[in-house]
Amino acid sequence: AQKVTQAQTEISVVEKEDVTLDCVYETRDTTYYLFWYKQPPSGELVFLIRRNSFDEQNEISGRYSWNFQKSTSSFNFTITASQVVDSAVYFCALSEILTGGGNKLTFGTGTQLKVEL
Amino acid sequence: ETGVTQTPRHLVMGMTNKKSLKCEQHLGHNAMYWYKQSAKKPLELMFVYSLEERVENNSVPSRFSPECPNSSHLFLHLHTLQPEDSALYLCASSQDLRGGADEQFFGPGTRLTVL
């Protein structure tokens, strides 16, 4: 069975600090996809990034960067120079293809990030 | 309208009521999903539809009944709910062209309270 663990329930930082959100996953699939989503107080989950299992290149998008380590089954997310607008719940998810169509996302419990002035 | 919309945004109902949640996607996607988000629990996948056919039913109680009349609309019919069903219900859609690689686009959710 697929499993995603986000051990950090809540993180508080001061604006401009860097912060890393951890994600550890379990799967028996050899090909899989990992995702990060952001959920601001409005409730809507916003897609941030997708990573496939055969591409271990780290990715940077502005202040966001992701570190995928297949050897440790981790897909960590770093926000550089955090801002108040980054305050949200962040979810890591693992995708499983459904035979009838679509894909099933297994989510972690999320990390609540609070960025204060 | 753009993206994925859900109505109503908030719903309060008694245990004997019947109500429906509506989801509409304006993205031309082929797959639609219902998730339940309860406090302090991971998002739980409830139902998946691909090309209007139900492909996943995650052991959801029969008091939740989904309906997908076309690839743009998804409903969740509710009847005789329990207080523990109070949660945020999220709808999502995906293109369903790249298997597990498809990102899902989420609506804002319906906050349901069962009294």
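A note on names: the letters A, B, ... follow the listed sequences, proteins ahead of strands, and every chain is numbered from 1. All values reported here derive from a predicted model rather than from experimental measurement.
Chosen from A:T9, A:D29, A:T109, A:L45, the residue pairing most often with chain B at heavy-atom distances under 4.5 Å is A:L45. Most heavy-atom pairs under 4.5 Å with chain B: of the set A:G101, A:G110, A:A93, A:G43, this distinction falls to A:G101. Each of B:N30, B:L90, B:L43 has some count of heavy-atom pairs under 4.5 Å with chain A, and the biggest count is that of B:L43.
By the side chain to side chain contact (heavy atoms under 4.5 Å, CB included) test, A:V14 pairs with A:E17, sequence neighbours left out.
Under the 4.5 Å side-chain criterion, counting only non-hydrogen atoms from C-beta, A:I49 is not in contact with A:Y64. Side-chain contact between A:I79 and A:Y90 is present, with at least one heavy-atom pair separated by less than 4.5 Å. Side chains of B:C23 and B:V4 form a contact here, defined as non-hydrogen atoms less than 4.5 Å apart.
Interface remark: B:E44 contributes no atoms to any contact with chain A (heavy atom separation under 4.5 Å). Heavy atoms of B:R111 lying under 4.5 Å from chain A are absent altogether. Contacts between A:Y32 and chain B at a heavy-atom distance below 4.5 Å are absent for every atom of the residue. In this structure, chain B has no heavy atom under 4.5 Å from any part of A:Q6. In this structure, chain A has no heavy atom under 4.5 Å from any part of B:Y49.
A ring-centre distance under 6.0 Å is not found for B:F64 and B:F47.
Tracing side-chain contacts under 4.5 Å through hydrophobic residues (I, L, V, M, F, W, Y), one never reaches A:L94 starting from A:F35; they form parts of separate clusters.
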